[in-house]
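The analysis underlying the following values was restricted to heavy atoms, covering all of them including side chains, and did not include hydrogens, waters or symmetry mates. Note that the structure is a prediction, hence the values are computed from the model and not measured.
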Amino acid sequence: MPLNNTSPEGIESYLASVAARVADELAGIVPAAWDVPPPLRESMAYSLLAGGKRLRPAFALAAAEAVGGPPEEALPAACAVELIHTYSLVHDDLPAMDDDDFRRGRPTNHKVFGEAMAILAGDALLTHAFHVLGTLPERFPRVTPAAALRIVKEMAVYAGAPGMVGGQAADMLGEQGETTLAQLEYIHLHKTSDLVVASLRAGGIVAGADEAQLDALTVYGRSIGLAFQIQDDILDLVGDASKLGKRTQSDVAQGKVTYPYLLGLDASRGKVAELTNAGKAAVSGGVLPAPERLLQMADYLITREY
């Protein structure tokens with residue numbers, strides 16, 4: 001996956017190539033030979049193959065590259081994290097959660113397949129992620145069973161109750177006028193940053209990262225993940241719905257607490273820049289042999305419009 005230059009066009013081309021490679025892999029991620037009820041298989045594929053930026057897989061591949069390993073070997077981990085991310089979106093869109101009608105410019109899963117099948121599709125996507133991680137040593141013998149087991153254990157924590165799910169629960173419990181800035185940071189760090197961190201650490205572990213390198217990837221992921229979520233909050237207020245592929249002003253309509261709500265737009269933009277610089281600093285200075293892709297991604301995400 002060579003990147004020809006370091007211009008914005010270069011990183012966009014890189015991300016597009018990653019998205020295409022991951023999409024190809026995801027298209028056959030559930031074996032055709034498996035006896036799966038057709039509506040369930042269709043519901044899973046509907047959301048999993050709906051496109052999107054595939055940023056979390058890109059973080060996994062870029063982390064492997066930053067450590068000096070072959071990005072291709074991180075592909076199962078990249079796909080696993082996208083399975084988890086997609087399940088979370090399917091469940092987030094349900095009426096009992098965010099109650100969204102559109103995702104990536106299309107009707108949300110439950111609008112097409114019904115709430116019950118959407119819930120089951122999310123369950124199946126989440127479960128299948130761990131099957132995919134289990135195939136790592138089979139596909140790439142250089143990845144040891146111990147490394148694969150560590151990724152499984154970490155992914156379960158970062159995606160589970162102490163991680164993403166806990167952040168989503170705190171988000172559901174938050175109310176304007178009551179949630180503090182510290183509580184909001186907890187929500188964002190767990191709801192969004194934890195899966196970014198899981199992606200980066202998985203890519204690093206596949207590539208044989210040492211503990212200092214994993215620590216650097218963790219700091220980078222927490223900082224960039226939080227910046228990404230604050231940028232999402234900003235775009236919900238001022239973004240273009242046609243570019244975002246979903247309605248804007250949804251946080252306001254649901255009375256959700258956001259960084260712009262607590263700090264205002266200018267201070268929120270300043271926080272995004274501060275966090276981006278902190279993330280870049282964590283992976284600079286020689287701890288990682290090839291951090292260029294991670295640095296480019298950080299700069300790209302701070303200016304995104306969707």
Side-chain angles (χ1 to χ4, degrees), residues 18-19 21-23 25-30 36 40-41 43-64 74-94 97-98 100 103-104 108-110 118-136 147-172 187-206 217-218 221-222 224-226 228-229 232:
V18 168
R21 180 68 183 89
V22 169
E25 188 82 4
L26 291 174
I29 205 80
V30 179
V36 178
L40 176 59
R41 188 184 287 273
S43 180
M44 293 169 68
Y46 179 81
S47 294
L48 188 61
L49 305 180
K53 296 180 284 292
R54 311 295 192 192
L55 288 175
R56 290 153 192 84
F59 279 127
L61 300 180
L75 193 56
C79 290
V81 81
E82 189 67 8
L83 285 159
I84 293 170
H85 175 57
T86 302
Y87 118 78
S88 75
L89 298 181
V90 172
H91 283 191
D92 256 1
D93 290 336
L94 290 165
M97 298 279 281
D98 287 348
D100 277 319
R103 168 75 64 179
R104 293 171 177 165
T108 45
N109 196 295
H110 68 275
I119 292 169
L120 292 169
D123 294 343
L125 291 166
L126 171 61
T127 307
H128 193 56
F130 294 96
H131 170 83
V132 172
L133 290 175
T135 69
L136 263 167
L149 178 59
R150 181 174 184 179
I151 294 171
V152 167
K153 290 170 68 177
E154 289 198 2
M155 196 74 72
V157 172
Y158 281 115
M164 181 186 69
V165 173
Q168 290 173 321
D171 189 26
M172 296 297 297
I187 291 169
H188 284 354
L189 282 173
H190 292 292
K191 184 176 179 180
T192 302
S193 289
D194 274 354
L195 209 54
V196 173
V197 172
S199 305
L200 291 157
R201 289 181 64 90
I205 292 167
V206 163
L217 291 171
T218 300
R222 282 174 63 85
I224 299 304
L226 183 53
F228 179 86
Q229 183 57 58
D232 255 9

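- For Thr218, the side-chain hydrogen bond (donor to acceptor under 3.5 Å, both in side chains) partners at least two apart in sequence or on another chain are Arg201.
- Of all non-hydrogen atoms in Ala60 and Ala74, the two that sit nearest each other are O-CB, 4.0 Å.
- Counting all heavy atoms, side chain and backbone alike, Thr135 lies closest to Val132 at OG1-O, 2.6 Å.
- Atom CG of Leu26 sits about 4.5 Å away from atom CG of Leu48, to the nearest 0.5 Å.
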Under 3.5 Å donor-acceptor pairs involving side-chain atoms of residues 76-87, not counting sequence neighbours:
unit_1: Glu82; atom_1: OE2; unit_2: Arg54; atom_2: NH1; d: 2.8
unit_1: His85; atom_1: NE2; unit_2: Arg56; atom_2: NH1; d: 3.3
unit_1: Thr86; atom_1: OG1; unit_2: Glu82; atom_2: O; d: 2.8

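- Proximity of a side-chain donor or acceptor of Ser193 to a complementary backbone N or O of Leu226 within less than 3.5 Å is detected.
- Among residues two or more places apart in sequence or in another chain, the side-chain hydrogen bond (donor to acceptor under 3.5 Å, both in side chains) test is passed with Thr192 by Gln229.
- Judged as a side-chain contact (heavy atoms from CB on, under 4.5 Å), and not counting sequence neighbours, the contacts of His190 are Tyr186, Asp194.
- Counting all heavy atoms, side chain and backbone alike, Ala148 lies closest to Leu136 at CB-CB, 4.3 Å.
- Put simply, NZ on Lys153 and CG on Leu133 are 14.0 Å apart, with the number rounded to the nearest 0.5 Å.
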Expected list for residues 120-131: side-chain donor-acceptor pairs under 3.5 angstrom, two or more places apart:
unit_1: Thr127; atom_1: OG1; unit_2: Asp123; atom_2: O; d: 2.8
unit_1: His128; atom_1: NE2; unit_2: Ile29; atom_2: O; d: 2.7

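- When all heavy atoms of Arg41 and Val30 are compared, the pair lying nearest together is NH1-O, 3.4 Å.
- Within the structure, no pair that satisfies the salt bridge (Lys or Arg N to Asp or Glu O under 4.0 Å) test touches residues 157-167, not counting sequence neighbours.
- Minimum heavy-atom separation, Leu217 to Gly204: CD1-CA, 4.0 Å.
- By the side-chain hydrogen bond (donor to acceptor under 3.5 Å, both in side chains) test, Arg150 pairs with Glu154, Glu211, sequence neighbours left out.
- Shown here are the side-chain contact (heavy atoms from CB on, under 4.5 Å) partners of Asn109, two or more places apart in sequence or in another chain: Ser43, Tyr46, Ser47, Val90, Phe113, Ala118.
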Contacts table for residues 159-171: side-chain donor-acceptor under 3.5 angstrom, sequence neighbours left out:
unit_1: Gln168; atom_1: NE2; unit_2: Asp92; atom_2: OD1; d: 3.4
unit_1: Asp171; atom_1: OD2; unit_2: Lys191; atom_2: NZ; d: 2.7
unit_1: Asp171; atom_1: OD2; unit_2: Lys256; atom_2: NZ; d: 3.1

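- Taking every heavy atom of both residues into account, Lys53 and Ala19 meet most closely at O-CB, 4.3 Å.
- Note: Leu61 CG to Leu200 CG = 10.5 Å, rounded to the nearest 0.5 Å.
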